[in-house]
Amino acid sequence: MTKLVLIDGSSYLYRAFHALPPLTNAAGEPTGALFGVVNMLRGHLKEKPEHIAFVVDAPGKTFRDEMYPDYKANRPPMPDELRAQVEPMLEIVAALGIPILREPGVEADDVIGTLALQASAQGLAVTISTGDKDFAQLVRQPAADAGPVALVNTMNGSRMDSDAAVIDKFGVRADQIVDLLALMGDAIDNVPGVEKCGPKTAAKWLAEHGSLDGVIANAAAIKGKVGDNLRAALARLPLNRELVTIKTDVALAQAPADLALRERDADALRGLYARYGFNQALKELDGGAATGAVANREPGVARGGGFVAAAAPASQPEIAPALSAPGEYETVLTEAQLTDWIAKLQAADEFAFDSETDALDPMRANLVGLSFSVEPGRACYLPLGHDYPGAPAQLSRAQVLDALRPLLSDPSKKKLGQHGKYDLHVLRRHGIDVRGYADDTMLESFVLSAGIARHDMDSLAKRHLGYDTIKYEAVAGKGAKQIPFSQVAIDDATRYAAEDADITLRLHRVLRAKLQAEPTLEAVYRDIEMPLVPVLARVEANGVLVDADELRRQSAELGRRMLAAQQQATELAGRSFNLDSPKQLGALLFDELKLPALVKTPGGAPSTNEEALEAIADQHELPRIILEYRGLAKLRGTYTDKLPEMVNPDTGRVHTSYHQAGAATGRLSSSDPNLQNIPIRSEEGRRIRTAFIAPPGRKLVACDYSQIELRIMAHLSEDPALLRAFAEGADIHRATAAEVFGKPIAEVSGNERRAAKAINFGLIYGMGAFGLAKQLGVGRGEAQDYIALYFSRYPGVRDYMERTRQQARDAGFVETVFGRRLALDYIHARNAAQRAGAERAAINAPMQGTAADIIKRAMVQVDAWLADNRERALMILQVHDELVFEADADFVPILLEQVPALMSGAARLRVPLVVDSGVGDNWDEAH
DNA sequence: CGAATCCGTAACGTC
DNA sequence: GACGTTACGGATTCGA
């Protein structure tokens, strides 16, 4: 069969340039790319093709630029060392007798595509020589009426010549390649695809939905972040497909038959080879028969299969869209401007402010600038610490803060912000005690729509103002290239920071109106959330003293025991494996050892979780060892290794961060580190609490609500039996057992109490018979009997639960005792499992949320009481139903008298709120 | 191409 | 039920 070789010249030139070291000839001219291309060409000529063409891009715009002005906009200009090699390359190609094609208005790709299909139709065997993966769309197997079209990449020796090879490489058929590329996009050509969608994801979608049109039609059903990204990119996908489709119908002067390989010009070649120092090629030219494929000596070969993806040097980082200012933003650099703005702030009823810093951790961040806004569309940025070379002179931080202090610390001067707790920390650490922090848009949003929305400023601006804010990444970059805000150009910083203050103010106007329309919610916001802000800031700033040496000792011991467990596991398995990898463990247990896989992960794989391992622990020793190892690894990896790292070098203490708008139920959450999940249940876990200590002369005091959620259930359900039990101060689990099992309290067995306790917890969590059965280790029927029995004894509870479910279905939300609304997104989900989950949440949320409201109120009151005793006692932790204090030893009795009383009095329910407390030198002892 | 980074999953600590 | 953190492993993107 007659052969036609089509060479993608530009692609090779670029790839050879980047793949090969920057070689030069004796005269110092760059030759690396040339060398690569020459070797590639010699490789092809060995195959003695009858027809061949070297195709390069013609200068000027193409039809793709017409279609999409930004096409290849990111591509930097050709480096000079490469440009210098273009002419010599063409000279060599010509001297080799290879026809050169340059077609204006289209790209080399389109010329190759057109010729390839024409030749194939004429029965020729076509080889496209390129490093560009896009050509996979042209691959054809030989057919009765058409010749094959194959791809080769001589840089790495790969060859793609069949449907199977395309599928093997890309996971889709050749005719789906354009769809695949449209989804992926192409950074080099500046064709943005679906973010986070690479070859794997695109191939998966195409396998499911057949084609790009199929994917577009089913876009709504695709989950996760990439699903969102897909929907955001939907509009441009058809254009993408056009851009990546290689044309096969270009009107060309040449037909395949015109591309015959001509006689080479040996003299010209000899001169060129000599000039560029291609000794091997020269020898071959004169000696005639060289042996072996020259191409295989290229350094690129060793790296193995796959097409090289990048043709051009790295593109510029994406340029942010013009930072369009929605309002008038002023950079304050002079005293006159500052005076002017202070006057504006003084005159305003309220103003928004925001701080810019050089770190996320408010306990470490330094102030870089402040922004203010007094009316929508007007804001200023006051740079204080920009220190890049060439930064304009800025006002002195100390003087500016002194000038602002009266304003910021005046309680009657109302301020508002977005997540102002952060700013309160930063300013406090710079000597300003902010008072009069009156409104916070994050908390307004949280109270208005907990459970359904995000409450960060970017989301709020989009949702309530329809406005796209400037993203932090747009001014500071991201990843490894991110610069601290102090290095951001002041002009960019002004647009970003002033916008923050401006948007905060505008958002507040919108959100305040929404809150005013809902008096109950407004009360939750005004009476519970806002007063808590400075309290949380204080608790965080106080921090907790941690005995790092004790933790290190524990780490060392845990490490020894982990090693022992690992050795035993290796022994039992007969080989080493990664004990931390559920995947490897699953393969070992279920594939190699053939143990039964009784539990599945949500993803359908055999689970290796605790339940699954317990279930097979009687059949093999290994599961027990794994469980032992896991327990130790958890403690070490999460706590004993990590906590010492979290000690703040300035304060010597650990400062967690409480998220006030974190949990859908109104609870706080804690992170960096999370101090709300320090172990307590297991003996060895509990030891970690001994490392949370009081300094000499002080004690830790822990006060916790006893059974607060069950008490709230009693209150909400008004069930007489439950109310009575709490009123009598009974051991509630024992009392429940007595009711359910129909015997006097004194005769309840330990086992019966345990069962009752499990039922009580199950109720709080909205657990069904299935969950309870699991918890108790009994059959589902038996668990169902317990529940039925429970409801017959506590009919008020049963009615309350049904009312709550109904309320959730009717209104889409449930409420706490204080009127906080908790939205239930999936209460009407089509998916039954999702719906059931939402119903369980509906049961749980009012109890959990009311408990959260109560302890928040208590914290505010306790903090107010402590205001006069800040040197003697500090509130240092909150763990959902527990408050922990550090107090002078002689102040402890007073604390023990006051705090439990304040906590009990934080709400008036139909049952008493009992608070237990304990004292010790460490957190473990304080329980 | 390899390295860095992002993302989802599995597991598990607390209340 | 509500969280946050860890580790892994695969996918994506960066950077040269």
Side-chain angles (χ1 to χ4, degrees), chain A residues 15 18-19 155-156 184-185 187 193-204 223-226 299-300 302-304 306-310 312-315 317-318 451 478-481 578-586 601-605 607-613 626-627 630-631 633-639 641-642 656-657 659 662-682 685 688 704-705 707-709 761-767 771 822 837-849 851-852 855 878-882:
Chain A
R15 282 174 167 74
H18 288 290
M155 297 280 296
N156 57 23
M184 285 167 55
V194 176
E195 261 195 274
K196 298 286 165 217
C197 173
K200 303 289 176 182
T201 309
K204 192 178 79 184
K223 290 183 294 189
K225 195 147 184 151
V226 273
R303 276 185 249 131
F307 279 65
V308 180
S315 53
E318 215 172 316
K478 62 174 178 172
K481 299 222 312 205
N578 183 350
L579 277 76
D580 291 316
S581 166
K583 199 177 161 184
Q584 292 183 29
L585 179 61
T601 69
S607 172
T608 64
N609 68 10
E610 185 175 351
E611 187 193 346
L613 296 185
I626 298 292
L627 286 170
R630 284 234 182 106
K634 178 80 178 181
L635 293 178
R636 197 169 105 126
T638 311
Y639 305 107
D641 276 356
K642 291 287 149 45
T656 183
S657 180
H659 300 247
T665 52
R667 266 193 185 176
L668 300 178
S669 71
S670 155
S671 66
D672 310 298
N674 181 357
L675 295 185
Q676 290 183 322
N677 71 341
I678 304 301
I680 191 168
R681 293 176 201 188
S682 75
I688 292 167
D704 67 285
Y705 286 108
Q707 309 295 351
I708 187 167
E709 294 186 359
F761 273 104
L763 288 165
I764 292 171
Y765 295 156
M767 196 190 280
L822 310 166
E839 289 193 359
R840 284 194 291 276
I843 302 292
N844 171 255
M847 295 185 266
Q848 204 181 98
I855 197 165
Q878 190 257 37
V879 192
H880 305 311
D881 65 356
E882 171 183 8

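What's counted below: heavy atoms across the whole structure, side chains too, no hydrogens, waters or symmetry copies.
- Within the 4.5 Å cutoff, the side chain of A/T656 has no heavy atoms near those of the A/D672 side chain.
- Applying the 4.0 Å criterion to OP1 and OP2 of C/dG4, one finds that A/S669 has a side-chain N or O inside that range.
- Using a 4.0 Å heavy-atom cutoff across all strands shown, A/K478 reaches no nucleic acid atom at all.
- You'll find the side chain of A/E610 reaches within 4.5 Å of the side chain of A/L627, heavy atoms only.
- Taking every side-chain heavy atom of A/T201 into account, C/dT12 is the closest of C/dT12, B/dC7, C/dG1.
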Below 3.5 Å is the cut-off: list the nitrogen or oxygen pairs between protein and nucleotides 3-5 of chain B, distance only.
residue	atom	partner	partner atom	Å
B/dT5	OP1	A/A480	N	3.4

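- Of the listed nucleotides (C/dC8, C/dG4, C/dG9), C/dG9 has the atom at the smallest distance from the side chain of A/Q584.
- Applying the side chain to side chain donor-acceptor pair (under 3.5 Å) rule to A/R630 yields the partners A/T608; only residues at least two apart in sequence or on another chain are considered.
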* For nucleotides 10-15 of chain B, read 5' to 3', which letter fits each nucleotide if B means a protein heavy atom sits under 4.0 Å from the base, S means only the sugar-phosphate is that close, and - means neither? -> SSBBBB

* To do: I would like to know whether A/R667 and A/E709 meet salt bridge (charged side-chain N to carboxylate O under 4.0 Å, His left out); could you show each step before the answer?
  => CA-CA 13 Å; A/R667 266 193 185 176; A/E709 294 186 359; 3.4 Å; yes

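- Residue A/D580 places its side chain closer to C/dC8 than to any other of C/dC8, C/dT12, C/dC3.
- Taking atom CD on A/E195 and atom C1' on C/dT12, their separation rounds to 11 Å, with Å as the unit.
- One can place CG of A/N844 at 11 Å from C1' of C/dC3, the figure rounded to the nearest angstrom.
- Protein atom NZ of A/K642 is 13 Å distant from nucleotide atom C1' of C/dG4, rounded to whole Å.
- Rounded to whole Å, atom C1' of B/dC7 lies 12 Å from atom NZ of A/K204.
- The phosphate of C/dA7 has neither OP1 nor OP2 within less than 4.0 Å of any side-chain N or O from A/K583.
- Taking every heavy atom of both residues into account, A/R840 and A/Y765 meet most closely at CB-O, 4.1 Å.
- Atoms NZ (A/K225) and P (C/dT13) sit 13 Å apart, rounded to a whole Å.
- The CG-C1' distance, from A/L675 to C/dC3, rounds to 14 Å in whole Å.
- Considering every non-hydrogen atom in both A/L675 and A/V879, the closest pair reads O-CG2, 4.1 Å.
- Judged by distance alone, the side chain of A/Q676 and the main-chain N or O of A/Q878 form a donor-acceptor pair under 3.5 Å.
- In this structure, the CD1 atom of A/I688 is 16 Å from the P atom of C/dT5, given to the nearest Å.
- Here A/A851 lies out of heavy-atom contact (under 4.0 Å) with every strand.
- Closest of all the heavy-atom pairs between A/L822 and A/A664 is CD2-O, 3.0 Å.
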